Amino acid sequence: MSKEIGITVKKAEDFSEWYNQVVLKAELADYASAKGFMVLRPYGYQIWEIIQSVLDCEFKKLGHRNAYFPALIPESILKREAEHFKGFVPEVFWVTEAGDNRLGERLAVRPTSETIAYSSYSKWIRSWRDLPLLLNFWNSVMRAEIKSTKPFLRTSEFLWQEGHTAHATKEEADEETMKILNLYKWFIEEYLAIPVLAGCKTEREKFVGALYTTTLEAIMPDGKALQMGTSHNLGQNFSKVFEIKYLGQDKQEHYVWQTSWGVSWRLIGAVIMVHGDDKGLILPPKIAPIQVVVIPIFYKDKPNEKLASKAKEITTTLQQNGIRAFCDDREEYTPGWKFNDWELKGVPLRLEIGPRDLEKHTVTFALRDTGKRVEVDESSAAERAKALLEELQKRLKARAESMLKELSSTADSYDEFKRILSTKGGFIKAGWCGDQACEASIKEDTGADIRVVPFEGDPSIQRCVYCGKEAKITAYFARAY
RNA sequence: GGGGUCGUCGGCUAGUCUGGUCUAGGCUACAUGGCUUGGGCCCAUGUGAUCGUGGGUUCAAAUCCCACCGACCCCA
């Protein structure tokens with residue numbers, strides 16, 4: 001086996017290097033020429049398109065429409081909500097010139113679109129009949145990452161979607177916040193096959209400018225947590241600043257209640273880390289650009305033409321059955337080379353068809369996750385492929401669930417807390433008194449912070465893991481990406 | 001925020017310590033032809049490198065010095 005083409009390190013031995021190699025060698029992404037930026041290559045983009053199409057469809061089912069706002073935001077607008085501005089300004093890129101002319105007012109490259117969107121919302125919303133306003137934007141945002149960039153996880157520009165809604169009441173905004181969080185949870189668990197913890201962020205960790213932030217957190221194999229998506233209830237913080245008011249049925253003027261929410265291409269990073277193995281990527285079938293790769297196995301002095309047309313025919317049949325299938329009939333590569341290549345790229349199911357199969361009217365499936373081979377009757381290929389893909393999807397999810405379980409602990413004392421962190425890491429369930437000083441000290445001390453406060457507390461946890469006072473809150477701590 | 005490692009054909013690298021046949025070597029990839037094909041076949045020929053960028057030292061710089069740019073890793 002040629003070392004240079006495949007992954008040269010073991011996932012368990014050098015996780016960081018393994019991750020970088022998978023990203024580059026599976027041709028998902030490449031480094032760009034500007035610091036901190038990343039090129040999303042066609043194969044990676046295809047995954048993003050699938051994520052995008054599923055979520056887009058669900059957003060629309062819930063009544064959202066897409067819109068597009070400019071990438072540049074005048075400083076005066078970005079500044080309007082003081083807390084928000086303070087939170088983002090360290091990582092804002094600024095445009096100061098247009099051609100040879102210095103701009104009168106500098107323009108921020110959007111780090112997120114609340115401000116630019118809401119300066120329009122204030123013009124569009126007049127009456128209770130204009131509500132709710134349910135919009136979503138598919139775009140990219142830029143946040144200057146000075147240090148430690150990592151493909152998909154930490155880059156200065158990233159693709160995402162950001163939803164921005166306006167409602168008449170707090171209750172409606174609460175409901176919207178949760179509706180989207182649940183949609184994200186469903187998508188991440190069912191499509192990406194990654195289990196997540198759901199709950200709220202603490203005051204310290206919430207989105208700057210939000211009333212509260214709900215979040216989904218997953219655990220990675222190295223014991224670090226990854227934020228998968230957030231959904232914020234913005235309250236009336238922005239509506240008051242941007243004067244987004246409506247005349248209610250009560251003939252009174254009211255400020256709207258708002259939400260914003262988003263997931264990014266970071267999800268792809270999570271898929272790589274959670275499911276991949278020493279051979280490379282393993283894509284959950286539901287988001288795999290190629291679900292089944294068909295590989296005809298040619299021999300000298302054998303009916304290769306018939307084999308080639310049979311392979312094409314089977315590929316077409318699979319496609320007609322709603323399977324994303326691709327026939328790799330390149331003659332310049334040997335089957336073994338192709339096997340390795342498609343395994344590196346994470347294609348969940350391989351269909352081999354050679355002279356032996358041709359004679360017996362069978363095809364041979366090989367499963368990416370277990371490596372097992374299954375010989376099936378040619379006529380049932382599509383049906384069996386569907387079943388195998390479904391099972392594979394379930395196995396990936398089950399495996400990720402047991403990893404989450406393995407990397408979840410409960411700490412009764414601060415010593416135990418630190419001991420867990422220094423060994424396996426992962427989520428640590430512990431009590432918290434609710435004092436920000438304790439939260440900050442733990443972060444300072446250990447590098448771990450509160451990733452999520454679950455919606456349901458654990459009544460058996462009674463003491464703050466740091467100060468020992470009464471635990472008002474059950475929290476999940478972890479080091480994070 | 002703090003510390004560290006590194007930058008040479010598309011990829012991996014030899015050469016750098018000790019400046020000089022380096023006119024920069026190898027593997028891989030790529031191209032062409034042939035041969036093969038159920039786990040990264042084999043043979044031949046060929047393409048491909050402003051040695052990250054800029055400056056300095058020197059008769060002479062991939063090699064020594066300075067600055068910058070970029071990548072990666074670890075710690076908080």
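The shown structure was predicted, so the numbers you read here are calculated from the model rather than taken from an experiment. Convention: sequence-line order gives letters A, B, ...; per-chain numbering from 1.
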task = Give G371(A) one of three labels, base, sugar-phosphate or nothing, depending on what nucleic acid heavy atoms sit under 4.0 Å from its own.
result = nothing
ask   = What integer number of Å spans the C1' atoms of G15(B) and A61(B)?
value = 13 Å
task = Could you work out the separation of G2(B) and A14(B) based on their P atoms and round it to a whole Å?
result = 31 Å
note = Y31(A) has its side chain closest, among G38(B), A71(B), G39(B), to A71(B)
inquiry  = Just to be sure I understand the rule, does G447(A) reach a base, reach only the sugar-phosphate, or reach nothing, if contact means heavy atoms closer than 4.0 Å?
reply    = nothing
For atom CZ of R154(A) and atom P of G1(B), their distance in whole Å = 12 Å
request  = Tell me whether the OP1 or OP2 atom of A71(B) has a side-chain N or O from K35(A) closer than 4.0 Å.
outcome  = yes
query = When you measure from the side chain of K300(A), which nucleotide among C35(B), G38(B), G40(B) comes out closest?
reply = C35(B)
query = What integer number of Å spans the P atoms of C12(B) and G52(B)?
reply = 13 Å
ask   = Quick one: is Y333(A) getting a side-chain N or O under 4.0 Å of the C30(B) phosphate, OP1 or OP2?
value = yes
note = Mate of A76(B) across any strand shown (Watson-Crick or G-U wobble, both atom pairs under 3.5 Å) is none
query = Under 30°, 30 to 60°, or over 60°: which ring-plane class applies to W48(A) and W138(A), parallel, tilted or perpendicular?
reply = perpendicular
query = Taking atom P of C72(B) as reference, at what distance in whole Å does atom CH2 of W18(A) sit?
reply = 16 Å
ask   = What distance, rounded to whole Å, do you find between the two C1' atoms, one in C17(B) and one in G34(B)?
value = 47 Å
request  = Would you mind reading off the distance between L421(A) atom CG and C75(B) atom P, rounded to a whole angstrom?
outcome  = 12 Å
request  = Tell me which nucleotide among C72(B), G38(B), A76(B) gets nearest to the side chain of T149(A).
outcome  = C72(B)
ask   = Salt bridge check: are K429(A) and D458(A) linked by an N-O gap of less than 4.0 Å?
value = yes
request  = Using the P atom as the reference point in each nucleotide, state the distance between C9(B) and U50(B) in Å, no decimals.
outcome  = 7 Å
message = Using a 4.0 Å heavy-atom cut-off, does R373(A) contact any base of the nucleic acid, only the sugar-phosphate backbone, or nothing at all?
response = base
request  = State the pairing partner of C30(B); accept Watson-Crick or G-U wobble contacts with both distances under 3.5 Å, and report none otherwise.
outcome  = G46(B)
ask   = Are any non-hydrogen side-chain atoms of W337(A) and T334(A) less than 4.5 angstrom apart?
value = yes
key: Nearest-angstrom distance, P atom, C51(B) to U8(B)   = 12 Å
remark   = Of E343(A) and P151(A), the one whose nearest nucleotide on RNA chain B sits closer to the 5' end is E343(A)
inquiry  = If I take atom CD in residue E17(A) and atom C1' in nucleotide C73(B), what distance separates them, rounded to the nearest angstrom?
reply    = 10 Å
task = Flag the pair E383(A) and K386(A) as a salt bridge only when some basic side-chain nitrogen lies within less than 4.0 angstrom of an acidic carboxylate oxygen.
result = no
key: Minimum-distance nucleotide to F339(A) side chain [options: C73(B), U37(B), G39(B)]   = G39(B)
Nearest-Å distance for atom pair CG/P, residues N304(A) and C35(B) = 14 Å
query = Any side-chain heavy atom of R368(A) within less than 4.5 Å of one from V347(A)?
reply = no
query = Between G70(B), C73(B), G39(B), which nucleotide gets closest to the side-chain atoms of K279(A)?
reply = G39(B)
message = Name the residue from Y414(A), F417(A), W432(A), F427(A) that meets the ring-ring contact (aromatic ring centres under 6.0 Å, His included) definition with F477(A).
response = F417(A)
key: Watson-Crick or G-U counterpart of G38(B), or none if no pair lies under 3.5 Å   = none
query = Say you pick atom P in U18(B) and the same atom in G10(B); how far apart are they, in whole Å?
reply = 31 Å
ask   = Salt bridge between E378(A) and K360(A), side-chain N to carboxylate O under 4.0 Å?
value = no
query = C64(B) pairs with which nucleotide, Watson-Crick or G-U wobble, both distances below 3.5 Å?
reply = G56(B)
key: Parallel, tilted or perpendicular: rings of F15(A) and W18(A) (30°, 60°)   = parallel
query = For T334(A) and G38(B), is the shortest distance between a side-chain N/O and OP1 or OP2 below 4.0 Å?
reply = no
message = Any side-chain N or O of N20(A) below 4.0 angstrom from OP1/OP2 of C73(B)?
response = yes
Polar side-chain contact R350(A)-G38(B) base: donor and acceptor under 3.5 Å = no
request  = Find the partner of G7(B): check Watson-Crick (N1-N3 plus N6-O4 or O6-N4) and G-U wobble (N1-O2, O6-N3) distances, both under 3.5 Å, and reply none if neither fits.
outcome  = C69(B)
message = Distance check needed: A71(B) P versus Y19(A) OH, whole Å only.
response = 15 Å
ask   = Taking the P atom of each, how far is U47(B) from U5(B), in whole Å?
value = 40 Å
Spacing between N340(A) atom CG and G39(B) atom P, to the nearest angstrom = 10 Å
ask   = Considering heavy-atom distances to RNA chain B, does F298(A) or D341(A) have its closest nucleotide positioned more toward the 5' end?
value = F298(A)
query = Whole Å only: how far is the CH2 atom of W337(A) from the P atom of C41(B)?
reply = 9 Å
ask   = Among C72(B), G38(B), A76(B), which is the nearest nucleotide to the side chain of R479(A)?
value = A76(B)
